[in-house]
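Report on the following structure.
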Amino acid sequence: MNRHIRHVLAGLIIGVALLTTGAARVSACSCVGPIVACESAWTTDAIFVGKVLSVGRVAGTGDPRWLRRLVRFDVREAFKGVQLGEIEVGTGAGGGDCGYDFREGRTYLVYAHRNQATGQLGAGICSRTAPVEEAGEDLEYLRGPFVQPSELGRIRGKVTRHDPPLAVNQPARRAPFAGAEIRLEGYARTYSTTSADDGSYEFRVPVGEYRLFTTVREGVYAMPGSEGRTVWLRDTRGCGAMDIDVRADGRIAGRLLDGAGRPVPFMSVELVTARQLQSPSLSATTRTVTDARGQFEFTQLDAGRYAPGLTLRRNTRGGVDTAVWIRRDGTATATTTDVEPEGRVDIGDLRLPTDVSTTTLTGVVVSADGTPVAGAQVRFIDPGPAMDTIGAPVTTGEDGRFSLSVIAGRSYRLSAEWFAPTTGQRRYVSARSDPFEAAEGLKPFRLVLSEAR
């Protein structure tokens, strides 16, 4: 894996982080990120330039996967957490355990984490560790700003536009996004700037914790996770880094009617792409819910061709096909709609096939003491042991009540989920109903939340 790709993925070291926590075993390496030198330097225990004197396997068979090899270094330049001279650093054997392939006789810039219980250092592929000849950018920072006092530090990043490939087997398209409004809140004040022509932005701020918000023009959106994210500046000689991804906000709107032409309220409507439509296995992931008048709108769509329907699941090998297609003439076949980049499409009234009927179920979500719960997510799930999700959720009102429409004559369960606010980590509670067949005349459901097991 080349170093650029590794840095895009890097950030949280799963295998090496276990050296810090003392956990026992992982089955695969997983890295998230990105992370840059001026941020990594302040979240890493030891940084040095060293020549590999030897690479040896750890004796015994009970060693955790992330400590299969001990690498002995001659430290030539110490930046943090070590001194000049010989030290040992643990790493994995490779092949999925985050181990770095250190070679005897080569010199590396090493970013290592320390096990707080044993003092053992560990390094892996998720860090910015690299052969010294490939580490010029890092060394320039470590030998300069890293050791130079500064009154203010930097929080910076890039805003990038992502678009899907134009054709099969082509890469996704990426381009700098200029003009995004970036707002940083913290340290008793708010800072604002816009992304430059190359997509970059930067704030000069004191040490502290900040929250980042992004506003972009109509037709695009900042991808989920970009809004309100926490950014730490740990030292004014370092930086906090936060990249922002922007995508096209294509939309499809319409209204769902039953076979008699009446609006269908609170029904989950789904989309699949034209490519998914041709697959023997079908599983929709794009969902929304009609309002009380049967109207719906899908947002944040890439350019492409889409087919709308209900319960769009199909597995021809397993003999399962629950897909119900909706179209203007009410026939039971799929029809597609094209969405141009950033396009807005109103497909008007779509009808259910005449042989498909729906029913609206109601209920209330309460806590263990019987208090109605507002803001709980309620959805239908498969009644079988897999309990797969069926459709998008609705949210309970202030009185804890909800309404959901579903295809009549099929069996379901109801599932409710809620994150209870606490002074510490949010507590997850949930409830599930017994299996039932959807039909007119069912009594309102009462879902009592309890701690998830």
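We number each residue from 1, following the sequence as shown.
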Are Glu185 and Arg183 within salt-bridge range, i.e. N to O under 4.0 Å? yes
Does this structure show an ion pair linking Arg255 with Asp349, if we count only N-O contacts that are shorter than 4.0 Å? yes
Residues in salt bridge (charged side-chain N to carboxylate O under 4.0 Å, His left out) with Asp197, at least two apart? none
If you compare the SG positions of Cys38 and Cys239, is the separation below 2.5 angstrom? yes
Would you indicate whether Arg103, at its atom CZ, is surrounded by more than 12 heavy atoms from other residues, nucleotides or ligands within a distance under 6.0 Å? no
Over 12 foreign heavy atoms within 6.0 Å of CZ, Arg293: no
Please check if the number of heavy atoms outside Glu209 that lie under 6.0 Å from its CD is greater than 12. yes
Got a salt bridge between Asp163 and Arg161, using NZ or NE/NH1/NH2 to carboxylate O under 4.0 Å? yes
Should the heavy atoms of other residues, nucleotides or ligands under 6.0 Å from CD of Gln170 be counted, would the total exceed 12? yes
Sequence neighbours excluded - salt bridge (Lys or Arg N to Asp or Glu O under 4.0 Å) pairs with any residue from residues 79-90: Arg72-Glu86
Is it the case that more than 12 heavy atoms not belonging to Arg305 sit under 6.0 Å from its CZ atom? no
CD (Glu133) with more than 12 external heavy atoms under 6.0 Å: yes
Around atom CD of Glu151, are there more than 12 heavy atoms of other residues, nucleotides or ligands at under 6.0 Å? no
